[in-house]
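First comes the structure, then the notes that go with it.
Each ligand, and each atom within it, is numbered from 1 in the order the structure gives. Predicted model, so just to flag it, every value in this text is computed and none were measured.
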Amino acid sequence: MVIDALTIKTTKADHSRLAETDFSNVPFGKVFTDHMFTADFEDGEWKNFQILPYGPIAMSPAISALHYGQTIFEGMKAYKQVDGSVSVFRADKNFARFNKSAVRMAMATIPEDVFMQGIAALIDIDKAWVPDAENYSLYIRPAMFATDPFLGVRPSETYKFVVLTSPSAPYYSKPLKVKIETRYTRAADGGVGAAKTGGNYSGSMLPALEAQAEGFDQLIWTDSKTNTYVEESGAANLMFVINGKIVTPEVRETILDGVTRDTIIQLAKSMGIEVEERRILIQEVLDNIENGTLTEAFAVGTAATVTQISEISYEGKGYTLTDPATRTVSIGIAKKLNDIRYGVTADEFGWNWTI
Ligand code: PLP
Ligand code: COI
């Protein structure tokens, strides 16, 4: 990736927290590295490119991000390669999606050099924080929020862009028991479901809490019009193996266009596995579990990686799936994916960006 050099002002942390960090205990998103990258959008341009010690940012309590939710984010990961170098996986896709989210939320878009070089500079200064244990990675969280201290409802004229990095284990540590949600909706046609914006996640919290109170780990969202088609699972895309083929909901306005989803589809096809992207009725899922043709169900995402689904419940009835340890299709693809991410095998798709 060749980009013009950006002038970044660097202020190093006085004290590194690295030595105090227990890398055998870094649950997803809890521990942050020593530094962060920030930039400001003011007077129609991006400025103040900085690497700073990770920590609080002073803000007016009137900023429109807090009141009206003009806020977007991304999630990607850096992996310690077997040769000791560090690569970020498919950052170009996250960059494109970030600006797509920005357009939908009427926010400023960000130039590629600010996004990429901010990330590169931050990873470079905090390289020692990239975990090297199996399945661990450095989670990268770019975010942008509206900073006008103004209570009128209109797009902000100023924004802050931040990049945080967090050494992390996968989001889920075990196969999931999921409930098909037919009362609450994550996203509607014409809405903001395809954007990575805060409100999509805050709106999902009460439904998730209610499902947890009923003993489930996560939800499967359904379409808002008929509640008869499956869409996503929590903050991850959804895939099934039916009659040996991968079947996954097609991307539409109500579904996030996942980078992991796209990656798995490309890998599966390269391995000779057929993939169908289409609408999937709840009834088809349930019938195929019962007749034994649905052999695998899993959630795919950057944070989630490939997480097996062990049980699906619909309207009070539980459907137990095959033993996750026996699922050759998803396990095989996940292995191939990890081998590319950690540099165990050649990156034939050009997905790794070495920092
Ligand atoms: N769907 C939602 C709602 C998400 O938040 C995520 C996570 O980013 C995904 C799907 C998976 O997308 P990706 O694979 O790009 O992380
Ligand atoms: C990610 O996978 O990067 C996500 O954004 C999921 C997150 C909301 C936990």
Side-chain angles (χ1 to χ4, degrees), residues 26-32 71-79 88-101 104-105 119 135-144 162-173 176 178 181 184-188 191-205 207-208 217-224 230-239 246 248-268 277 298-307 309 330 333-334 337-338 340-341 351:
V26 281
F28 175 84
K30 276 207 168 150
V31 175
F32 294 92
T71 136
I72 58 170
F73 68 95
E74 264 307 325
M76 64 192 102
K77 283 175 169 175
Y79 298 87
V88 180
F89 193 72
R90 303 198 76 183
D92 53 332
K93 295 280 283 180
N94 296 90
F95 166 68
R97 193 171 64 190
F98 194 74
N99 274 344
K100 195 174 152 206
S101 298
R104 179 62 185 86
M105 302 312 290
I119 289 170
N135 291 321
Y136 283 66
S137 59
L138 188 74
Y139 184 74
I140 305 165
R141 171 54 64 87
M144 194 209 303
V162 299
V163 184
L164 312 178
T165 41
S166 170
S168 292
Y171 199 79
Y172 299 111
S173 53
L176 306 177
V178 301
E181 176 62 63
Y184 295 110
T185 283
R186 190 191 86 91
V192 297
K196 260 182 105 66
T197 184
N200 285 335
Y201 299 82
S202 49
S204 74
M205 290 178 191
D217 302 305
Q218 193 45 271
L219 300 173
I220 289 181
W221 297 107
T222 56
D223 71 293
S224 66
V230 293
E231 295 209 321
E232 298 200 61
S233 178
N237 294 110
L238 187 58
M239 293 192 169
I246 292 187
T248 187
E250 68 191 5
V251 168
R252 46 199 287 118
E253 239 183 340
T254 53
I255 295 181
L256 195 82
D257 186 358
V259 178
T260 318
R261 175 186 180 281
D262 178 75
T263 303
I264 287 178
I265 290 173
Q266 289 195 50
L267 280 176
E277 298 176 63
F298 49 103
V300 305
T302 300
T305 65
V306 174
T307 299
I309 294 173
S330 49
I333 297 173
L337 175 57
N338 268 352
I340 295 174
R341 282 167 164 168
W351 285 331

> Strictly under 4.0 Å, does any heavy atom of Arg141 approach an atom of ligand 2?
Replying inline: yes
> Which distance, rounded to the nearest 0.5 Å, do you find between the OG1 of Thr165 and the CG of Leu138?
Replying inline: 5.0 Å
>> Closer than 3.5 angstrom, by distance alone: can the side chain of Thr302 be matched with the main-chain N or O of Met76 as a donor-acceptor pair?
In response: no
>> Using a 4.0 Å cutoff against the non-hydrogen atoms of Thr302, which atoms of ligand 2 qualify?
In response: 2 (O), 3 (O)
> Which residue supplies the protein heavy atom nearest to atom 1 (C) of ligand 2, what is that atom called, and how far is it?
Replying inline: Tyr139 OH, 3.4 Å
> If you count the non-hydrogen atoms of other residues, nucleotides and ligands that lie under 6.0 Å from OH in Tyr171, is the total more than 12?
Replying inline: no
> Can you tell me the protein heavy atom closest to atom 9 (C) of ligand 2 and the distance?
Replying inline: Tyr171 CE1, 3.4 Å
>> With a 3.5 Å distance limit and no angle check, can you tell me whether Arg341 reaches the backbone of Phe89 through a side-chain donor-acceptor pair?
In response: no
> What residue and atom, counting heavy atoms only, is the protein's closest point to atom 8 (C) of ligand 2, and at what distance?
Replying inline: Tyr201 CE2, 3.8 Å
>> Would you say that Arg186 contacts Asn200 through its side chain, given a criterion of any heavy-atom pair below 4.5 Å between the two side chains?
In response: yes
>> Between Arg104 and Glu253, does any NZ, NE, NH1 or NH2 come within less than 4.0 Å of an OD or OE carboxylate oxygen?
In response: no
> Does some non-hydrogen atom of Lys196 fall short of 4.0 Å from ligand 2?
Replying inline: yes
> In Å and rounded to the nearest 0.5 Å, what is the OG1 to CD1 distance from Thr248 to Ile264?
Replying inline: 9.0 Å
> Say you draw a straight line from OH of Tyr201 to NZ of Lys196; how long is it, rounded to the nearest 0.5 Å?
Replying inline: 3.5 Å
>> Using the side chain to side chain donor-acceptor pair (under 3.5 Å) criterion, which residues pair with Thr71? Sequence neighbours excluded.
In response: none
> For atom 2 (O) of ligand 2, which candidate among Ala303, Ala304, Ala236 provides the closest heavy atom?
Replying inline: Ala303
> Any sub-3.5 Å donor-acceptor pair from Ser233's side-chain atoms to Leu219's backbone N or O?
Replying inline: yes
>> Under 4.0 Å from a heavy atom of Phe73: which atoms of ligand 2 are those, numbered in the order shown and with their elements?
In response: 5 (O)
Output, or 'none' if empty, a list of ligand 1-protein atom pairs in which both atoms are N or O and the distance is under 3.5 Å, rounded to 0.1 Å.
unit_1, atom_1, unit_2, atom_2, d
ligand 1, 1 (N), Glu232, OE1, 2.4
ligand 1, 5 (O), Lys196, NZ, 3.1
ligand 1, 5 (O), Tyr201, OH, 2.5
ligand 1, 8 (O), Lys196, NZ, 2.6
ligand 1, 14 (O), Val259, N, 3.3
ligand 1, 14 (O), Thr260, N, 2.8
ligand 1, 14 (O), Thr260, OG1, 2.5
ligand 1, 15 (O), Arg97, NH1, 2.8
ligand 1, 15 (O), Arg97, NH2, 3.0
ligand 1, 15 (O), Val259, N, 2.7
ligand 1, 16 (O), Thr302, N, 2.9
ligand 1, 16 (O), Thr302, OG1, 2.6

